[in-house]
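First up is the structure itself, then whatever we jot down about it.
For ligands, and for the atoms within them, numbers begin at 1 and follow the listed sequence. Start at 1 with the first residue, then count along the sequence.
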Amino acid sequence: MEPEHDVGSGATQAGYVIARRRCLIVSESNSARSTTALPSEEGAPYAVETGPPVPPWDLEQVRRDFPALSQRMHGKPLVYLDNAATSQKPRQVIAAVTRYYEESNANVHRAIYELGERATNAYESARRKVAEFINAEDWRSIIFTRGTTEAINLVAYAWGRHNLGPGDEILITKMEHHSNIIPWQLLARDTGAALRYLPLTDDYTLDLKDMSKYITGSTRIVALVHQSNVFGTVNPVRDIVQQARAVGALILVDGAQSVPHFPVDVMQLGCDFLAFSGHKMLGPTGVGVLYARTDLLESMEPFHGGGEMISTVDLQRATWNQIPWKFEAGTPNIAQAVGLGAAIDYLNQLGMDRIADYSKQLTQYSREVLSQIPHITIYGHAPTSSSSLPFNVEGIHPHDMAQLLDQEGIAVRAGHHCAQPLMRCLGVAATTRASFYFYNTSEEIDRLAEGINQAVAFMGG
Ligand code: PLP
């Protein structure tokens, strides 16, 4: 699954309007911001005056760690609000990757020379950092993958294809990223198992009231997103784990958005699998993680075949390496894993609790500020959401909105956010989404609001 590079369907005609009028937006950049206070579409829960959040760290100093943030786009200081797609990288991570290549580069495992040992130590110590970060009981539970997508596919192939058949059920939700839909659709198609969906309530949280109708004796695996990449809604995974356990089903948690934003403890969650991506949590692209219970990994078939994952190879058959290497065929993304280790060091230094608090406050503040814009619809469930704010403004296609904001140096995402079933629940083809990380400021949110108001004025609103 590609990262969220979509721009949505149907963004055609209005897009041309912008292309023709783009030159005008610069001269309109001082249009006044609306002061009309409209109630938010969700009423009271977030209609409180929290004011701009105060970061628990020296924000200027933190931002200096991220070279990409100090750039200008179209002559304006960059406001990077596409963190749900990928995060920016601090110097410390970039330096760790460079240092690895300068001082330790060799292939891992099996090398009998000093440099190879250095590479192996760097790679394996990153694995231990990951294990500690999510409180895995055993470092052998950590498998390096290319990202969340590959981690979920690994489970669908290496576990699903050997354990499911007709009469079995896979349960996911209507809030999933395509990465947590398509591998299960393929698995259902190939095994004859049924794919079922937990529905949403009217306020776009998971509808858990009839859970026993969905989690039944036929359910073999429940796979769900921890934090929605569209709404930022954090799902009550522990409650669902308990229900799944009661019927003997396994549970996979898509942690692509949760692991970067708040402390995730696999022991506390009680899940069997957790998938996440390094690039959304300050790390390089090309590395992600599958956490899995060791007894499951021992019993599962390999995913990919090749070097590294074998113990012995005969002409017709082979035996497998120990876990976790049984699931890491070929030369892994060594430098990227090392970079992920450095990213974890950085996050630990700031503190995941403090990151979670600040993200929540930023999101609340952005709801307050944006809800004052006339004709805006903000989606999601305010009390349980963090880090992400999807919206639409009447009469402006999200694709156009993103293009107009880009002219102001503001990077947001527009499209279906790799969640087409969810967009259908919302009754829209696409939204614009601003998503935040701990290096964002309240001034950037003010600039976003100003940019939206300018877009409205520009489009003749
Ligand atoms: N799951 C969620 C909730 C996501 O937000 C994403 C990416 O945006 C993914 C899965 C896929 O991640 P990756 O593309 O890094 O594999």
| query | For ligand 1, which atoms, with element, lie under 4.0 Å from some heavy atom of Thr149? | reply | 11 (C), 12 (O), 13 (P), 14 (O), 16 (O)
| message | Can you tell me which portion of Glu176 lies within the under-4.0 Å heavy-atom range of ligand 1? Options are side chain, backbone, both, or neither. | response | neither
| said: Closer than 4.0 Å to some heavy atom of Asn229 - which atoms of ligand 1 meet that? | reply: 3 (C), 5 (O)
| note | If we number the atoms of ligand 1 from 1 as shown, the ones under 4.0 Å from a heavy atom of Ser277 are 12 (O), 13 (P), 15 (O), 16 (O)
| message | Donor-acceptor check, side chain of His399 to backbone of Ala414, threshold 3.5 angstrom: yes or no? | response | no
| Residues two or more places apart in sequence or in another chain: which of them pass ring pair (Phe, Tyr, Trp, His ring centres under 6.0 Å) with Phe273? | none
| remark: Under 4.0 Å between heavy atoms, the region of Arg146 that gets near ligand 1 turns out to be neither
| field | Any residue meeting salt bridge (Lys or Arg N to Asp or Glu O under 4.0 Å) with Arg63, in chain and number order, not counting sequence neighbours | value | Glu444
| said: Less than 4.0 angstrom from a charged side-chain N to a carboxylate O is my criterion; do Glu124 and Arg127 meet it? | reply: yes
| Which of the atoms in ligand 1, numbered in the order shown and given with their element, are less than 4.0 Å from a heavy-atom of Gln257? | 3 (C), 4 (C), 5 (O)
| query | Is any side-chain N of the basic residue among Arg433 and Asp82 closer than 4.0 Å to the acidic one's carboxylate O? | reply | yes
| message | Can you confirm if the aromatic rings of Phe66 and Tyr80 lie within a centre distance of less than 6.0 Å? | response | no
| Test log, rule ring-ring contact (aromatic ring centres under 6.0 Å, His included), inputs Phe438 and His261 | CA-CA 9 Å; Phe438 58 81; His261 287 282; 8.7 Å; no
| message | Checking side chain to side chain contact (heavy atoms under 4.5 Å, CB included) between Val237 and each of Val234, Ile240, Asp239, Val241, which is the one that passes? | response | Val241
| message | If we only consider heavy atoms of Lys280, is any one of them less than 4.0 Å away from an atom in ligand 1? | response | yes
| field | Numbered atoms of ligand 1 (with element) below 4.0 Å of Ser179, judged on heavy atoms | value | 9 (C), 10 (C), 11 (C)
| message | Just to check, does Asp254 reach to within less than 4.0 Å of ligand 1 when the distance is taken from its heavy atoms? | response | yes
| field | N or O pair under 3.5 Å between His279 and ligand 1 | value | yes
| Using a heavy-atom cut-off of under 4.0 Å, does the side chain or the backbone of Val225 touch ligand 1, or both, or neither? | side chain
